[in-house]
Amino acid sequence: MIQQSNNWVPLFPEKASSFAWQVDALYFYLIAISAFFTVIVVAAIFYFAIKYREKEKFQNGAEIHGSLLLETTWTAIPFLLSMTIFLGGAIVYYNQYRPPKDAMEIYVVGKQWMWKFQHPTGQREINELHVPVNRRIKLIMTSEDVIHDLYVPAFRTKADAVPGRYTTLWFEATKPGKYHLYCAEYCGLNHSGMIGWVYVMEQKDYENWLAGNVSSQTPAQAGRELFEAKLGCASCHQQTDQGRGPKLAGLFGKQVKLTNGQTVVADEEYIRNSILNPQGQIVEGYQPIMPTFKGQVTEEQLVALVEYIKSLGNETASMSK
Ligand code: HEC
Ligand SMILES: [Cu+2]
């Protein structure tokens with residue numbers, strides 16, 4: 001199943017994402033520059049060692065004074081070269097660390113010693129991730145215990161999954177196939193077993209796969225249940241502004257004014273913190289009465305709550321279904 005065919009350097013993992021070639025190009029550019037200067041320097045060492053060897057005892061060399069041309073050249077060339085390295089690196093970095101807005105979002109929870117994935121349609125998988133080809137995928141990751149790091153060599157990308165916060169990683173797979181997935185941060189005894197596969201499928205196959213893995217609930221539906229029934233958030237957060245807590249519809253992505261004068265953007269991290277540490281950021285005009293839910297909700301339930309609150313943004317659309 002693993003396609004190794006059109007792999008132009010046999011030692012390298014396959015290139016299967018939209019930015020894999022950029023990472024490789026940068027890598028080979030750095031290798032080429034290093035090799036070039038290594039050869040020049042080593043050659044010069046030998047050349048001068050022989051040319052200026054001692055031909056006569058206690059010989060004095062001719063004095064050399066500065067040369068502006070020479071000094072300008074050996075300053076300008078390394079400067080320009082290092083700027084190309086910087087620019088190349090910056091471009092690759094920006095591409096990788098700014099997930100596109102239209103990406104499909106999949107939640108990832110790392111724990112000793114497995115990767116848990118949940119699709120927007122609710123399907124869950126462990127140590128396996130099925131994704132459609134040619135589609136931008138954004139992973140929203142966290143960890144239940146220690147720091148892990150999700151790494152897919154064929155996509156040339158990786159990112160830490162950190163307890164207590166959300167990190168993201170995005171990619172667009174360009175070739176159907178089966179690719180290795182690793183934990184790339186030493187995380188304890190069975191770290192080496194924290195591995196799995198990414199299955200990149202044609203859109204049609206992906207839909208079949210989704211259909212064959214019926215899930216009882218989407219994260220947003222599970223979140224709604226928690227919100228309205230199990231955790232009782234709805235007793236304070238109602239559909240109107242009359243409740244004891246602010247109404248949450250349309251909150252996601254908006255600017256929120258806090259009592260300390262700060263303004264923050266309500267992203268996944270903000271919602272997560274609002275649930276676990278409500279006293280940390282108090283919304284302007286409200287009393288600090290929200291209890292903490294730390295220890296009462298699992299990472300997966302948190303994800304569900306975040307997804308539910310996100311889904312309230314387009315409430316009218318989802319209500320009419
Ligand atoms: C006892 C009432 C109460 C309960 C129960 C409650 N909240 Fe709150 N919540 C508040 C109040 C009051 C605020 C505004 C003050 C603050 O930021 O702490 C708030 C703020 C928030 C915010 C930030 C809102 C914004 O406009 O920025 C979120 C998100 C939130 N709550 C989610 C939840 C969730 C999810 C639950 C259930 C797990 C929950 N709340 C349970 C009272 C409550
Ligand atoms: Cu790990």
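Quick note: residue numbers are just sequence positions, from 1. The figures that follow rest on heavy atoms only: side chains count, while hydrogens, waters and symmetry mates do not. Just so you know, ligand 1 is whichever comes first in the structure, and atom 1 is the first atom listed for that ligand.
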Using distance only, find each side-chain donor-acceptor pair of residues 280-294 under 3.5 Å and give its atom names and separation, not counting sequence neighbours.
| from | atom 1 | to | atom 2 | distance (Å) |
| --- | --- | --- | --- | --- |
| T292 | OG1 | L276 | O | 2.6 |
| T292 | OG1 | K294 | N | 3.0 |

In residues 76-86, what donor-acceptor pairs under 3.5 Å come from side-chain atoms, sequence neighbours left out?
| from | atom 1 | to | atom 2 | distance (Å) |
| --- | --- | --- | --- | --- |
| S82 | OG | P78 | O | 2.9 |
| S82 | OG | F79 | O | 2.9 |
| T84 | OG1 | Y29 | OH | 2.5 |
| T84 | OG1 | L81 | O | 2.6 |

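Shown are D267, I271, V306; of these, the side chain to side chain contact (heavy atoms under 4.5 Å, CB included) with Y166 is made only by V306.
Here the closest heavy-atom approach between residue S311 and residue Y308 is recorded as OG-O, 2.6 Å.
Using modelled atom types, one finds no donor on one side chain facing an acceptor on the other under 3.5 Å when comparing Q221 with E225.
Proximity of a side-chain donor or acceptor of D160 to a complementary backbone N or O of D149 within less than 3.5 Å is not detected. Distance alone, capped at 3.5 Å, is enough to place a donor-acceptor pair between the R156 side chain and the P153 backbone.
Judged by the 6.0 Å and 45° rule, K15 forms no cation-pi pair with W21.
Less than 2.8 Å away from the Cu ion (ligand 2), the protein contributes these N/O/S atoms: H148 ND1, C183 SG, C187 SG, M194 SD.
The immediate protein surroundings of ligand 1, defined as residues with any heavy atom under 4.0 Å of it, consist of F227, L231, G232, C233, C236, H237, R244, G245, P246, L248, L251, V256, Y270, S274, I275, P278, Q281, I282, V283, Y286, Q287, I289, M290, P291, F293.
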Exercise. Could you go step by step and tell me if H148 and Q112 meet the side chain to side chain donor-acceptor pair (under 3.5 Å) rule?
Worked result: CA-CA 9 Å; H148 302 279; Q112 287 166 326; 5.8 Å; no

